[in-house]
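Each residue takes its place number in the sequence, starting with 1. Please read all numbers here as calculations on a predicted model, not as lab measurements.
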Amino acid sequence: MPPKPKSSSTRTTPASILQKLQNSPGGFYAATPKLIRHVEYFIGGQDGNILVSKGGGLQPTEFIIRGVFEISRNDFNFTPDANFNPSNVFHGHFADVKLSCHLTAGRDNAFQFSSEDFPDVIDNLTHFEGLIPRATEYEKLSVIHNSLGQRSVKLTHSLFEANKEYRQDTASQVDSGDNCSTDGLNPDFDISTWPVANRCKGRLQGLVSTHIICPLPAYDLDHKLILPSEYESKLKGALVEVHMAFCHHRIKSAKRDIFTAILRELTILSPPAAIPSSPFKRRRLDAGPLSAS
């Protein structure tokens with residue numbers, strides 16, 4: 001019997017991961033200096049005005065940027081239903097819901113480059129947004145957020161895709177094929193069994209005949225696809241390798257320029273750190289002051 005393969009976490013090192021991100025084909029390291037020289041926008045792509053590699057001619061290639069980040073515990077909506085609330089009119093239609101989270105600089109000492117290179121990642125994304133001329137009356141919705149002095153990048157993923165019978169012809173777009181496929185996956189990834197909150201079950205049932213589910217392309221330490229029921233427990237606060245695309249939408253009716261970082265692949269490198277504990281929690285109040293012991 002052949003030996004059992006080792007966990008991916010024992011086969012790789014932070015140095016080898018950085019080398020792969022910097023040198024392997026299929027994308028660019030997000031902190032590479034002056035990435036703007038390599039890109040341009042393809043106007044009218046399937047995900048909006050998509051950033052592509054410059055010089056692609058008649059067959060443009062989606063520009064993929066990649067790096068190592070920590071998934072923030074704040075504003076975490078990488079849950080099976082994106083915390084959608086049907087009673088909130090601002091949440092729109094369930095079919096259009098997007099899962100989202102915020103990527104921050106990594107705090108794992110072993111992956112120090114994640115923290116050191118994060119400002120360069122922000123600079124590149126800022127330059128990508130600057131490629132789109134913007135009228136002064138238009139509001140800009142950036143992928144870069146700043147909360148309490150901490151900058152982050154909002155990462156999104158569309159949960160649903162209209163099935164072939166329902167969607168319109170997309171032959172003129174960059175990629176007219178399916179963005180997702182659940183072929184070969186176990187029933188946990190089927191739209192009929194997708195684990196949404198009770199408030200969303202009726203909306204989900206209404207999409208079964210017209211849409212397919214698009215699970216997160218998110219993998220655990222052993223490179224196994226993460227179950228939707230485990231999204232929050234495994235991803236919230238985790239250190240991850242992320243591959244993403246970048247796009248722009250201009251909403252003329254609302255006078256908004258919206259920029260989006262779209263998840264293409266995610267792999268956990270280090271599980272979420274433990275929540276800080278306190279010796280004052282779960283103590284017996286009738287035992288007297290803890291500070292007196």
Side-chain angles (χ1 to χ4, degrees), residues 26 42 44-52 60-62 64 71 76-86 88 90-101 154-220 223-236 240 242-249 258 260-268:
F42 179 91
Q46 190 168 354
D47 292 308
N49 302 323
I50 194 76
L51 201 69
V52 298
T61 303
E62 185 177 70
I64 298 296
I71 297 180
F76 182 88
N77 294 304
F78 260 13
T79 58
D81 56 19
N83 298 319
F84 181 84
N85 187 350
N88 188 333
F90 296 105
H91 281 194
H93 301 288
F94 193 41
D96 300 324
V97 73
K98 295 182 185 296
L99 312 189
S100 67
C101 71
K154 185 177 180 179
L155 184 68
T156 65
H157 173 76
S158 295
L159 182 58
F160 300 105
E161 181 180 283
N163 59 32
K164 292 180 180 180
E165 293 75 19
Y166 187 76
R167 67 173 178 244
Q168 296 179 349
D169 177 37
T170 57
S172 62
Q173 298 174 343
V174 175
D175 180 15
S176 60
D178 293 337
N179 281 332
C180 58
S181 172
T182 56
D183 292 347
L185 299 180
N186 68 50
D188 291 311
F189 297 97
D190 190 84
I191 189 171
S192 62
T193 59
W194 195 256
V196 298
N198 288 334
R199 64 179 181 272
C200 298
K201 288 184 177 179
R203 303 298 175 97
L204 179 67
Q205 187 60 35
L207 298 176
V208 169
S209 62
T210 59
H211 288 70
I212 57 175
I213 204 80
C214 297
L216 282 175
Y219 300 87
D220 63 16
H223 293 179
K224 295 179 180 179
L225 193 64
I226 298 173
L227 295 173
S229 59
E230 297 177 331
Y231 284 169
E232 186 164 6
S233 63
K234 288 194 172 183
L235 294 174
K236 192 174 185 178
V240 293
V242 174
H243 297 241
M244 54 188 163
F246 195 86
C247 80
H248 161 260
H249 288 86
I258 303 173
T260 310
I262 306 169
L263 175 64
R264 293 302 186 223
E265 188 174 281
L266 179 155
T267 305
I268 294 177

Any [X] side-chain heavy atom under 4.5 Å of [Y] side chain:
{"X": "L235", "Y": "L216", "answer": "yes"}
{"X": "R264", "Y": "E62", "answer": "yes"}
{"X": "I71", "Y": "V240", "answer": "yes"}
{"X": "I50", "Y": "F246", "answer": "no"}
{"X": "L263", "Y": "V242", "answer": "yes"}
{"X": "L155", "Y": "M244", "answer": "yes"}
{"X": "I258", "Y": "H248", "answer": "no"}
{"X": "L225", "Y": "F189", "answer": "yes"}

Which value, rounded to the nearest 0.5 Å, describes the distance between [X] atom [atom1] and [Y] atom [atom2]?
{"X": "L159", "Y": "T79", "atom1": "CG", "atom2": "OG1", "value": "9.0 Å"}
{"X": "K234", "Y": "S229", "atom1": "NZ", "atom2": "OG", "value": "9.0 Å"}
{"X": "C247", "Y": "N49", "atom1": "SG", "atom2": "CG", "value": "8.0 Å"}
{"X": "H243", "Y": "L266", "atom1": "NE2", "atom2": "CG", "value": "9.0 Å"}
{"X": "T193", "Y": "L204", "atom1": "OG1", "atom2": "CG", "value": "9.0 Å"}
{"X": "I213", "Y": "L185", "atom1": "CD1", "atom2": "CG", "value": "12.0 Å"}

**Check: Y231 ring centre within less than 6.0 Å of F78 ring centre** =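 No, they do not, as the ring centres are separated by 6.0 Å or more.
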**Asked** F94 vs F160 aromatic rings, parallel, tilted or perpendicular, using cut-offs 30° and 60°?
**Response** perpendicular
Distance-only, no hydrogens or angles: does the [X] side chain make a donor-acceptor pair with backbone N or O of [Y] under 3.5 Å?
{"X": "N83", "Y": "F76", "result": "yes"}
{"X": "D188", "Y": "W194", "result": "no"}
{"X": "H157", "Y": "C214", "result": "yes"}
{"X": "R199", "Y": "F84", "result": "yes"}
{"X": "N77", "Y": "C101", "result": "no"}
{"X": "D220", "Y": "I226", "result": "no"}

**Complete:** Nearest heavy-atom contact between P80 and P228 is CG-O, 3.2 Å
**Message:** Quick one, N163 with H211, criterion side-chain contact (heavy atoms from CB on, under 4.5 Å). Give me CA distance, side-chain angles, the key distance, then yes/no.
**Reply:** CA-CA 5 Å; N163 59 32; H211 288 70; 5.9 Å; no
**Message:** A quick test of your reading: do over 12 heavy atoms of other residues, nucleotides or ligands sit less than 6.0 Å from CD of E230?
**Reply:**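 Result for CD/E230: enclosed.
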**Asked** Without hydrogens or angle criteria, can the side chains of K98 and S158 be said to hold a donor-acceptor pair below 3.5 Å?
**Response** yes
